[in-house]
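Structure first, commentary second.
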Amino acid sequence: MNFSNVLIKWYLQNKRDLPWRNTTNPYPIWLSEIMLQQTRVAQGMPYFLSFTTAFPTVFDLATANEEEVLKLWQGLGYYSRARNLHKTAQYIAFDLAGIFPGNYSDLLKLKGVGEYTAAAIASFSYNEAVPVVDGNVFRVLSRYFDIETDIVQASAKKEFAALAFELMPKDNPATFNQAIMEFGALQCVPKSPNCSICVFNESCAALQKKKVDQLPVKSKKLKVRNRYFNYLVVADEKENTIIQKRTAKGIWHNLYEFPLIETEKEENFDFISEQIQTDYFMDNNVISILEDNDKSIIHKLSHQHLHIKFWKVNLNGSIENGINNSVLRTFPFPIVIYNFIEKE
DNA sequence: AACTCGGGGAT
DNA sequence: ATCCCAGAGTT
């Protein structure tokens, strides 16, 4: 048996029962593929279920507000995915009469749909013979064939796509694509794979050369920067508070947050207190300022470490545009702020 | 080609 | 701590 036959046989015996696999409808397949970009199945699953419940069709998603979409996406991260998802839903619903593009090259034109996602939808929905190349595919093929190409290079994707296409049985691209990703996710895992029970343990080049832990080759080292966020959690005498939308470029675009004082380093009570009285609430009487968390919450993003403090600011009188607690909870927040609100 | 964009689980 | 997850868009 060749590589593909063994792989597909393994898949049919070991595959997980995932809801987006029981259909060829491009809408739920597209939805699942966007959600699973850089995201584990276990993390994406509850979001897939809530989205398909709230928005059973692409028209339901298209007619929603962006804020509703972001609220349902809250906590999943990479929020540009949600914004692009929403825009693409409107494009498909209103410009294409709800009909998804029917092939790889047209799918590729959609916002938020790159080479991987276009190939996934085209193969799963239309059985088009285009190979998916994701992190699993890089790992499985680099190990099985002992390929030392640095997967960070742009050329690597072409190289692995060409190899995957060569291996793909052209009469069953959907199953092959599912199978190679599932194999990478369940068997050929990044660290300490159990090669002793692997169906390829007599043909895998990396295993024979004892190079499994060295492949795939990935040269990346991203630098993390530290940022210091001080959130002002205001409460006036009606217990109303203030939030604002992040409209600038950067993290959490279009999500909400409390008024923010960003500083160059971790600041103490006196510094923040001074800022609050001089720059923020001159018209209102500041009754008290309370440092909610003595130790900063370190919220780790992939490329930034946020050192977050919440400062409770009690004000005299009534603030303009204040919102009460139940309204507050309807807005989409970064998960670290959402957790703070829920804790209160 | 390099950088940016989240959050969480596994090791 | 470090790696990486069914990657894509921007610079």
Side-chain angles (χ1 to χ4, degrees), chain A residues 11 15-16 18-21 28-48 70 73-85 87-88 107-124 131-140 150-157 160-161 164 174 176-186 188-193 213 216-225 227 246 248-255 297-306 332-339:
Chain A
Y11 173 67
K15 66 176 180 176
R16 293 166 290 184
L18 304 175
W20 48 85
R21 282 188 179 150
I29 290 174
W30 165 66
L31 193 54
S32 71
E33 292 302 337
I34 301 298
M35 286 182 168
L36 293 178
Q37 289 167 4
Q38 294 292 287
T39 304
R40 291 171 195 284
V41 166
Q43 188 185 1
M45 179 77 80
Y47 289 84
F48 176 81
L70 285 172
W73 198 274
Q74 178 181 275
L76 195 54
Y78 285 161
Y79 297 94
S80 66
R81 293 184 295 173
R83 299 191 303 270
N84 286 333
L85 182 84
K87 287 177 192 159
T88 294
L107 286 163
L108 196 52
K109 298 172 186 167
L110 300 175
K111 272 188 202 308
V113 175
E115 293 175 352
Y116 163 77
T117 303
I121 301 171
S123 61
F124 302 155
V132 292
V133 181
D134 72 335
N136 294 305
V137 175
F138 277 129
R139 192 167 55 253
V140 170
D150 185 350
I151 63 170
V152 169
Q153 295 173 24
S155 58
K157 200 185 286 185
F160 282 82
F176 175 81
N177 279 343
Q178 294 277 15
I180 193 167
M181 289 194 287
E182 191 79 336
F183 185 76
L186 299 183
C188 195
V189 293
K191 290 182 180 174
S192 309
D213 60 344
V217 174
K218 190 176 179 184
S219 69
K220 218 172 207 170
K221 48 203 169 249
L222 83 162
K223 47 197 167 203
V224 176
R225 74 167 165 140
R227 301 177 73 179
R246 289 184 69 95
K249 284 188 177 180
I251 60 170
W252 301 335
H253 184 70
N254 285 5
L255 274 63
I297 298 171
I298 316 279
H299 186 66
K300 294 181 177 179
L301 309 182
S302 49
H303 51 292
Q304 298 181 21
H305 287 183
L306 306 178
F333 293 101
I335 199 63
V336 64
I337 296 178
Y338 175 78
N339 289 339

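None of the values given here were measured: they were computed from a predicted structure. Lettering follows sequence order; numbering is per chain, from 1.
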Pick base, sugar-phosphate or nothing for A/V113, based on heavy-atom distances below 4.0 Å to the nucleic acid.
sugar-phosphate
Classify the nucleic acid contact of A/H253 as base, sugar-phosphate or nothing, counting any heavy atom under 4.0 Å across all strands shown.
nothing
Counting any heavy atom closer than 4.0 Å, what does A/I151 reach on the DNA or RNA strands: base, sugar-phosphate only, or nothing?
nothing
Roughly how many Å is it from CZ in A/R81 to P in B/dC5, rounded to a whole number?
15 Å
Minimum side-chain heavy-atom gap A/H303-A/I251 below 4.5 Å
yes
Smallest heavy-atom separation, A/I180 atom then A/V137 atom, equals CG2-CG2, 3.8 Å
Looking across every strand, which nucleic acid part, if any, lies under 4.0 Å from A/R83 by heavy atom: base, sugar-phosphate, or nothing?
nothing
Just compare B/dG6, C/dG9, C/dC4 and give me whichever is closest to any side-chain atom of A/P190.
C/dC4
By nearest-heavy-atom nucleotide on DNA chain C, the more 5' of A/K249 and A/N136 is A/N136
Parallel, tilted or perpendicular: ring planes of A/H299 versus A/W252, cut at 30 and 60 degrees:
tilted
Pick base, sugar-phosphate or nothing for A/G250, based on heavy-atom distances below 4.0 Å to the nucleic acid.
sugar-phosphate
Please list residues of residues 31-42 of chain A whose heavy atoms come under 4.0 Å from any atom in DNA chain B, ordered by number; otherwise none.
A/Q38, A/T39, A/R40
Decide yes or no, distance alone: a donor-acceptor N/O pair under 3.5 angstrom between the base of B/dG8 and the side-chain of A/Q43.
no
Polar pair under 3.5 Å, donor/acceptor by atom type, side chain A/T117, base C/dG7:
no
Checking all strands, does A/K157 fall into the base, sugar-phosphate, or nothing category for heavy-atom contacts under 4.0 angstrom?
nothing
